[in-house]
Amino acid sequence: MLKVKITKISLFQKILPYCSGSLAVGDLSKDRTKSFDTFTSSVVVIDTDKGVSGVGESCPWVQDNLNELEVYNNLASCLLGEDPLKIKQIIKNMDMAVQGHTFAKSALDMACWDIKGKNSRVPLYELLGGKLTNGAPLYRCVMEQEHDKIKIEMERYRASGYKYFKLRVGIEPNKDIDLIKFAVNLAQPGEVVYADANCRWTLSEALKVVKEIEGLGIMIEQPCLSYEDCMNVRKNTDLLIKLDELVTDLTIAEKIVQDRAADVVCIKMSRVGGLSKAIEIRDFFVSKGIKVVTECMMGGEIVSAAVSHFSASTPPELLFNTGDLHAYVTASTGTINPPTSNGKIYCNLAPGLGVEPDLVSLGTPIAVFKNYNN
């Protein structure tokens, strides 16, 4: 097989407005919450000397600590001229060139997988283990903090087929207890309500909450910031525990399994450094019988397409749920978006990711990196 070479990497940035005005997420400040009206998504297009191109996207909640252009410039310098089909080497090159910056690496890794799928003329899930789940269950975040609004929000999502509702908590323990009890009572047969503290409870607060809701059978997501505090909560409750922010690499995954620290884990591609590392972590958890959430941070149609393949290649009995991230924003990064129906997300069947960059929406790239030696 002839070697494929990367000849050009184009970097776009797109502002993605949140669909409901403002999204409040967990924060360790005094207010314990931070609001986002928009998100900045980075989209890369990798061109090759064989005429096959690939697209990737990454949308962090916050910017990395180095200038993003500098990071992509350093990563591009180690990828130009390389074979995108040899993804393990691509990952090694990126990790040697730049420490951290998992968001930028994730977009580039995703684009290489897109090229590999197109080159093999198969949908990406075929390269990730095959389609094991045909229609991955989706969850919806219930962001409201008042009873009437929570009820309205859950009813709206229920009407669209969603059966998983993630309640935002972690602001004030007594109010959290009240909201959890109220939301659980709204759940209908077959529905799952769970509470995400986003690391915001102190250990004493977390222990107070789980004691008060012990009999509800609800799952608590990421109660505290540190692994040690989450383990302490785990040892003091019979409630199910889900870990999210702590799932950053294979080493911590091995520790979670060894310590029996969670019943469910969330694997976000951009947090761990890309689809390649996410698949490795996913496969490890699945081999140990741990249920997984297969998703990413935020983004448009390109990220959602990758999520759809990530989820489809996961055994259904160990796939807890996933997210249709493009449904949370009102601007486009790609076309065609992966289809969703009755609370589930499906894969486009075209080769690779099954989505192409929406160049009209993306506009002019903010940087183009070329291999001038070819």
Side-chain angles (χ1 to χ4, degrees), residues 12-26 36-44 55-62 102-104 106-107 109-111 113-114 124-125 133 135-143 157 160-162 164-166 168 196 198 221 244-245 247 266-275 278 282 292-314 319-341 343-348 353-358 361-362:
F12 302 82
Q13 279 194 339
K14 180 67 179 180
I15 301 298
L16 304 179
Y18 181 60
C19 64
S20 298
S22 181
L23 174 64
V25 299
F36 289 86
D37 301 321
T38 62
F39 302 88
T40 302
S41 191
S42 294
V43 173
V44 297
V55 63
E57 179 185 9
S58 181
C59 187
W61 293 95
V62 294
T102 58
F103 296 101
S106 182
D109 175 67
M110 188 185 298
W113 276 108
D114 190 28
L124 181 56
Y125 61 76
T133 295
L138 294 164
Y139 73 88
R140 270 299 188 191
C141 294
V142 179
M143 306 304 296
Y157 296 148
S160 297
Y162 293 90
Y164 292 83
F165 305 99
K166 181 161 73 169
R168 181 173 67 100
D196 183 7
N198 271 138
E221 179 174 344
D244 179 2
E245 284 80 3
V247 183
C266 182
I267 308 166
K268 290 185 167 75
M269 290 181 289
S270 58
R271 178 179 287 141
V272 302
L275 180 58
R282 188 271 314 268
V292 296
V293 175
T294 47
E295 60 169 347
C296 203
M297 302 293 287
M298 187 54 79
E301 292 84 354
I302 299 166
V303 165
S304 283
V307 166
S308 72
H309 291 280
F310 186 19
S311 303
S313 60
T314 304
L319 176 61
F320 186 69
N321 58 29
T322 186
D324 51 345
L325 299 175
H326 66 286
Y328 288 85
V329 296
T330 61
S332 173
T333 62
T335 182
I336 303 169
N337 58 284
T340 58
S341 177
K344 293 183 179 181
I345 189 168
Y346 298 83
C347 300
N348 286 321
L353 288 173
V355 64
E356 294 298 326
D358 185 345
S361 177
L362 292 173

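In what follows, every heavy atom counts, from backbone to side chain, and hydrogens, waters and symmetry copies are set aside.
Counting heavy atoms from C-beta on, the side chains of Gln13 and Thr40 come closer than 4.5 Å. No side-chain heavy atom of Pro357 sits under 4.5 Å from any side-chain heavy atom of Phe12. In this structure, Met269 and Cys296 have side chains that are in contact, with non-hydrogen atoms separated by less than 4.5 Å. At a threshold of 4.5 Å between non-hydrogen side-chain atoms, the residues Ser341 and Tyr346 count as touching. A 4.5 Å side-chain heavy-atom check between Val247 and Arg271 finds every atom pair outside the cut-off. Side-chain contact between His326 and Leu16: absent, with no pair of heavy atoms (C-beta onward) separated by less than 4.5 Å. Under the 4.5 Å side-chain criterion, counting only non-hydrogen atoms from C-beta, Asp324 is in contact with Tyr162.
Rounded to the nearest 0.5 angstrom, Leu325 CG and Cys59 SG are separated by 9.0 Å. Distance OG1/Thr333 to CG/Asp358: 7.5 Å, rounded to 0.5 Å. Rounded to the nearest 0.5 Å, atoms CG (Leu319) and OG (Ser313) are 9.5 Å apart. A distance of 4.0 Å separates CG in Asp114 from CG in Leu353, rounded to the nearest 0.5 Å. In this structure, OG1 in Thr322 is found 10.5 Å from CD1 in Ile267, a value given to the nearest 0.5 Å.
Listed by chain and number, the residues in a salt bridge (Lys or Arg N to Asp or Glu O under 4.0 Å) with Asp196 are Lys166 (sequence neighbours excluded). For Thr330, the side chain to side chain contact (heavy atoms under 4.5 Å, CB included) partners two or more places apart in sequence, or in a different chain, are Pro17, Cys19.
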Intermediate values then yes/no, side chain to side chain contact (heavy atoms under 4.5 Å, CB included), Lys14 and Val43: CA-CA 8 Å; Lys14 180 67 179 180; Val43 173; 5.5 Å; no
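Remark: side-chain polar atoms of Thr102 are paired, donor with acceptor, to backbone N or O of Ser270 under 3.5 angstrom. Thr335 contributes no side-chain N or O that, together with a main-chain N or O of Glu356, makes up a donor-acceptor pair within less than 3.5 Å. A donor-acceptor contact shorter than 3.5 Å links the side chain of Asp109 to the backbone of Leu275. When atom types are taken as modelled, the side chain of Asn321 and the backbone of Tyr164 share no donor-acceptor pair closer than 3.5 angstrom. Side-chain atoms of Glu57 come within 3.5 Å of backbone atoms of Gly300 as a donor-acceptor pair (strictly under, hydrogens ignored). Of the possible donor and acceptor atoms, none in the side chain of Ser58 sits under 3.5 Å from a partner among the backbone N and O of Ala107.
Contact record, Asn348 with Pro339: OD1-CD, 3.3 Å, taken as the closest heavy-atom pair. Here the closest non-hydrogen pair linking Ile15 and Thr38 is CG2-CB, 3.7 Å. Between Pro338 and Ala305, the closest heavy-atom pair is CG-N, 3.8 Å.
Between Tyr139 and Phe320, the gap from one ring centroid to the other reaches at least 6.0 Å.
A donor atom on one side chain and an acceptor atom on the other are found under 3.5 Å apart for Arg282 and Thr314. Side-chain contact check for Ser361 and Ser332: no donor-acceptor pair (N or O, by modelled atom type) lies under 3.5 Å.
Among the candidates Ser308, Cys266, Ser311, the single residue satisfying the side-chain contact (heavy atoms from CB on, under 4.5 Å) test with Thr294 is Ser311.
Using cut-offs of 30° and 60° for the angle between ring planes, the His309 and Tyr125 rings count as parallel.
For residues 294-314, the pairs satisfying salt bridge (Lys or Arg N to Asp or Glu O under 4.0 Å) are Lys268-Glu295, with sequence neighbours left out.
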